[in-house]
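The structure is given below, and queries will be raised subsequently.
Letters A, B, ... are given to chains in the order of the sequence lines, protein chains preceding strands, and every chain is numbered from 1.
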Amino acid sequence: MNFSDHHDNNEIPPYLEKLNEPQREAVMHTEGPLMIIAGAGSGKTRVLTFRIAHILKQGFDPFSILALTFTNKAAREMRNRIESLVGPAAKSLWMGTFHSVFARILRQEAEKLGYPSNFTIYDSDDSKSLLKSIVKEMNLDEKVYKPGMLLGRISTVKNNLISARAYSEDESLVNEDKQANRGKFADIYRQYAARCFKSGAMDFDDILINTYILLDRFPEVCHRWQHRFRFVMVDEYQDTNRVQYLITKTIAAVHQNICVVGDDAQSIYAFRGANIQNILNFNRDYPDVKTIKLEQNYRSTRNIVNAAGSVIKHNRNQLQKEVWTSNETGEKIKVVRSATDSDEARFVAQNIFEEKNREHLPNKAFAILYRTNSQSRPFEEAFRRMGIDYRIYGGMSFYQRKEIKDLLAYLRLTVNPNDEEALKRVINYPTRGIGDTTINRLLFLAGENKASTWEIVSNARQYPDLGAGAGKVENFAMMMKSFMAMLQTHNAYELAMHIAKQTTLLKVLYEDKTVEGISKYENLTELLNAIQEFSEDDESEKEKSLSNFLEEVALFTDDQKDKDPDRDCVTLMTIHSSKGLEFPCVYIVGMEENLFPGQMSLTSRADLEEERRLFYVAITRAERKLSLCYATSRFRYGSLLPCEPSRFIDEISNEFLDMNLAGMKKENPLTRFYSQRTQQPNNPVTRAESLLKPNPLPEKPVPPADPNFEAGDISGLKEGDIVVHQRFGRGKVTMLEGDGDNRKATIFFTGLGEKKLVLKFAKMRIE
DNA sequence: TACTAAGCTCTTTTT
DNA sequence: GAGCTTAGTA
């Protein structure tokens with residue numbers, strides 16, 4: 001090892017002069033455990049990248065540094081920034097998401113655990129589909145054992161390192177399941193684990209737990225990795241779960257050079273097992289830990305920083321810290337009310353258009369953040385109409401599309417014939433006369449003979465039970481075998497192209513001239529191009545096998561295979577995926593009770609606190625301008641539902657908001673805005689609405705609320721009633737269905753131009 | 001076995 | 001509203 005560059009600790013190297021005191025301290029503290037509590041916008045990524053560069057400058061080998069992140073986006077960004085600091089050495093760093101780094105390790109060691117080295121990675125769709133067939137095979141009630149719920153629970157259990165066997169032997173867990181009316185869960189879990197293993201497949205959680213098992217059971221392997229990684233760094237440490245915590249602890253056990261960076265106030269992944277205690281209790285594992293707090297925010301105006309602080313202080317469970325900024329005070333936060341979700345979208349598009357012109361800003365200065373992916377739709381429409389370029393992150397990713405998954409399934413099956421989910425997907429697609437009956441027989445035979453389904457398929461002739469189906473199955477098997485033979489002789493692209501043609505996948509879509517068909521054909525071509533790029537990429541040091549491509553795809557849900565990363569467009573994304581990003585102007589939309597905070601999150605205080613941290617994350621994305629938008633009614637469940645403003649708006653201290661609300665907090669928020677509008681014609685709420693021309697909803701005097709008719713209650717309605725709705729005016733009830741929570745009223749509103757609406761809740765009175 | 005129409009359920013966030 | 005499952009028909 002080369003220490004020639006090594007300098008005295010008291011001397012500050014010139015390249016670190018740009019950092020502030022605590023940042024520099026964090027960068028230079030490279031020996032021994034270190035915890036960096038980094039408030040939002042405090043230059044966390046900067047510290048991490050400089051720290052890695054600093055270690056490299058001291059002469060350490062890039063291979064000795066392990067840097068773990070949660071998202072591909074974060075990993076990519078960090079790699080780019082390090083590359084600009086230290087050059088090509090950045091390529092050799094072990095840096096990536098937990099899943100991608102550990103999958104890479106597992107590829108080398110999988111056989112020790114009984115997996116093939118070309119193991120498949122099951123994404124959650126594969127996992128759910130497998131669970132579904134297990135439930136079916138076990139003849140259980142599919143309403144009780146829903147795949148999503150099962151996978152969620154399996155994931156939680158796995159992340160706490162409880163194996164299927166340990167689970168069924170744990171009486172308290174099994175009893176708990178009985179109480180909760182899912183007594184068969186242990187059996188399903190067992191079956192699920194066995195089937196994954198038999199298919200040579202790991203799900204997302206297996207990648208983590210198998211890494212842990214590998215390190216735990218094979219001391220010589222553990223020893224090797226422990227010594228290899230002299231420096232371990234974990235970004236977003238507040239989001240680690242138990243296995244991730246154990247793995248990093250194990251790997252860092254020899255050198256003890258572990259550096260974790262996080263912000264408990266930004267922990268937003270508890271729903272998938274993140275354990276905030278990992279960061280809260282870090283000093284228990286490392287009593288001699290050095291703790292550094294980065295509290296100065298460089299990103300946002302003082303108003304935004306303080307508003308965020310006023311929100312997060314409602315949470316009880318957190319580390320003490322005081323985020324501050326020396327930036328200018330800046331504008332107050334706007335609160336914008338719209339009539340419907342589409343009005344909200346039109347307002348935002350219009351507002352962006354105006355701000356752009358007034359302040360000469362590019363499109364990419366703007367971001368729209370929402371709670372759920374489904375909220376993006378009205379914005380797409382509004383931006384298209386305004387001619388503003390936009391880009392939606394997340395949602396249905398390219399690799400989740402049906403046509404893409406179909407071809408990928410063929411590729412997966414070629415690489416790993418035991419991959420049962422892939423087999424089930426393609427055995428009769430395109431249709432080749434192998435129907436449900438035959439498939440079920442195949443699966444049954446596989447279970448009976450303790451063989452993989454592929455073994456049955458490839459020897460179909462030997463099973464008379466298959467009857468007439470045998471010939472068709474045999475043809476399919478022969479085709480697959482011909483693909484497998486090509487693995488040795490052809491590169492990934494040639495093979496994929498051959499498969500796409502041979503299976504007629506490409507041809508079927510080419511002949512489909514519907515809009516969807518054309519787009520599917522284009523998608524498939526794009527996938528083929530991506531494979532071609534992958535197999536011809538000289539830059540990458542990675543092995544260019546098909547198997548590697550499939551792994552990349554499985555772990556790269558992040559999408560954005562950006563053809564043009566510099567495109568100037570407005571960003572639309574969920575708050576979750578906005579973590580780590582920043583924008584001059586941010587619109588947080590859908591600020592409504594039951595949407596944000598969502599109804600699912602309101603069962604416990606912990607959930608509400610996580611939701612509040614999410615709001616904190618959203619606010620702190622904004623550099624200069626922040627608007628909080630909500631609608632008074634919104635399309636959901638296929639009908640228009642009235643909405644109330646989110647409690648989170650009320651949790652921001654008034655002094656940071658651009659509206660005169662002094663002394664009005666206790667009022668019903670709806671009444672508040674109606675009365676405000678008449679009194680103050682220039683308040684931001686009214687301004688927002690005046691921009692929306694034409695406003696589809698007629699301005700009408702608001703009838704006084706009937707004290708006998710509670711908001712959200714339509715129980716008193718009868719068919720034929722004439723009602724006056726707070727927003728939609730007069731209407732006639734034409735149909736009533738269901739009881740209790742399922743009660744629905746269909747009402748014709750004359751005020752909406754004879755429009756029919758199905759309402760589940762309504763604020764209105766009977767005339 | 002394959003296709004179509006009607007019915008049902010689900011709506012959080014990501015590797 | 002969308003996506004998926006079931007029932008019914010060719």
* To do: List in chain and number order the residues that pass side-chain contact (heavy atoms from CB on, under 4.5 Å) with Leu246(A), two or more places apart in sequence or in another chain; answer none if no residue qualifies.
  => Leu161(A), Tyr212(A), Arg242(A)
* To do: Take the protein atom NZ of Lys128(A) and the nucleotide atom P of dT14(B), then report the distance between them rounded to whole Å.
  =>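 After rounding, the reported distance stands at 12 Å.
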* Rounded interatomic separation in angstrom, taking CD from Glu552(A) and C1' from dT15(B) ->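 Result: 15 Å.
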* Asked: Looking only at atom P, what distance separates dC4(C) and dT13(B), rounded to whole Å?
  ->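 My reading of the P atoms in dC4(C) and dT13(B) gives 15 Å.
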* What is the nucleic acid contact for Arg377(A), judged by heavy atoms within less than 4.0 Å: base, sugar-phosphate only, or nothing? -> sugar-phosphate
* Asked: Between Arg613(A) (CZ) and dT13(B) (C1'), how many Å, whole number?
  ->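 Those two atoms, CZ and C1', are 13 Å apart.
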* **Side chain of Phe204(A) - closest among dC4(C), dT14(B), dT15(B)** =>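 Comparing dC4(C), dT14(B), dT15(B) against the side chain of Phe204(A), the answer is dT15(B).
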* Starting at atom NZ of Lys402(A), determine the distance to atom P of dA2(C), rounded to an integer number of angstrom. => 19 Å
* Expressed in angstrom and rounded to an integer, what is the separation of Asn159(A) atom CG from dT14(B) atom P? ->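 Roughly 17 Å, once rounded to whole Å.
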* **Integer-rounded Å distance: dT14(B) P and Ile268(A) CD1** =>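 That distance rounds to 9 Å.
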* Asked: For the side chain of Thr438(A) and the backbone of Ile434(A), is there at least one donor-acceptor N/O pair under 3.5 Å apart?
  -> no
* Under 4.0 Å between a side-chain N/O of Asn241(A) and OP1 or OP2 of dT15(B), yes or no? -> no
* To do: May I ask you to evaluate whether Lys146(A) reaches the phosphate of dC10(B), defined as a side-chain N or O under 4.0 Å from OP1 or OP2?
  =>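 Yes.
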* Between Arg612(A) and Glu651(A), is the closest basic N to carboxylate O distance under 4.0 Å? -> yes
* Supply the atom-to-atom distance Lys132(A) NZ to Lys128(A) NZ, rounded to the nearest 0.5 angstrom. =>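 Here the rounded value is 10.0 Å.
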* To do: Ignoring the backbone of Lys132(A), work out which of dC4(C), dT14(B), dT15(B) is nearest its side chain.
  => dC4(C)
* Asked: Are Arg384(A) and Glu381(A) within salt-bridge range, i.e. N to O under 4.0 Å?
  -> no
* N/O (side chain, Thr574(A)) to phosphate O (OP1/OP2, dT14(B)) under 4.0 Å -> yes
* To do: Have a look at Phe98(A) and say if it touches a base, only the backbone sugar-phosphate, or nothing, with a 4.0 Å heavy-atom cut-off.
  =>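 Nothing, no heavy atom under 4.0 Å.
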* **side-chain contact (heavy atoms from CB on, under 4.5 Å) involving Asn275(A) - partner list, sequence neighbours excluded** =>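 side-chain contact (heavy atoms from CB on, under 4.5 Å) check on Asn275(A) returns Gln277(A), Asn278(A).
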* Asked: How many Å lie between CZ on Arg272(A) and P on dT13(B), as a whole number?
  -> 13 Å
* **Between P of dT15(B) and CG of Asp235(A), the distance in whole Å** => 14 Å
Return the polar atom pairs (N/O with N/O) between nucleotides 1-4 of chain B and the protein under 3.5 Å, or none.
residue: dT1(B); atom: OP1; partner: Thr437(A); partner atom: OG1; Å: 2.5
residue: dT1(B); atom: OP2; partner: Gly435(A); partner atom: N; Å: 3.3
residue: dT1(B); atom: OP2; partner: Thr438(A); partner atom: OG1; Å: 2.8
residue: dA2(B); atom: OP1; partner: Gly433(A); partner atom: N; Å: 3.4
residue: dA2(B); atom: OP2; partner: Asn428(A); partner atom: ND2; Å: 3.4

* To do: Please determine if Lys44(A) and Glu236(A) form a salt bridge, counting it only when a charged side-chain N lies under 4.0 Å from a carboxylate O.
  => yes
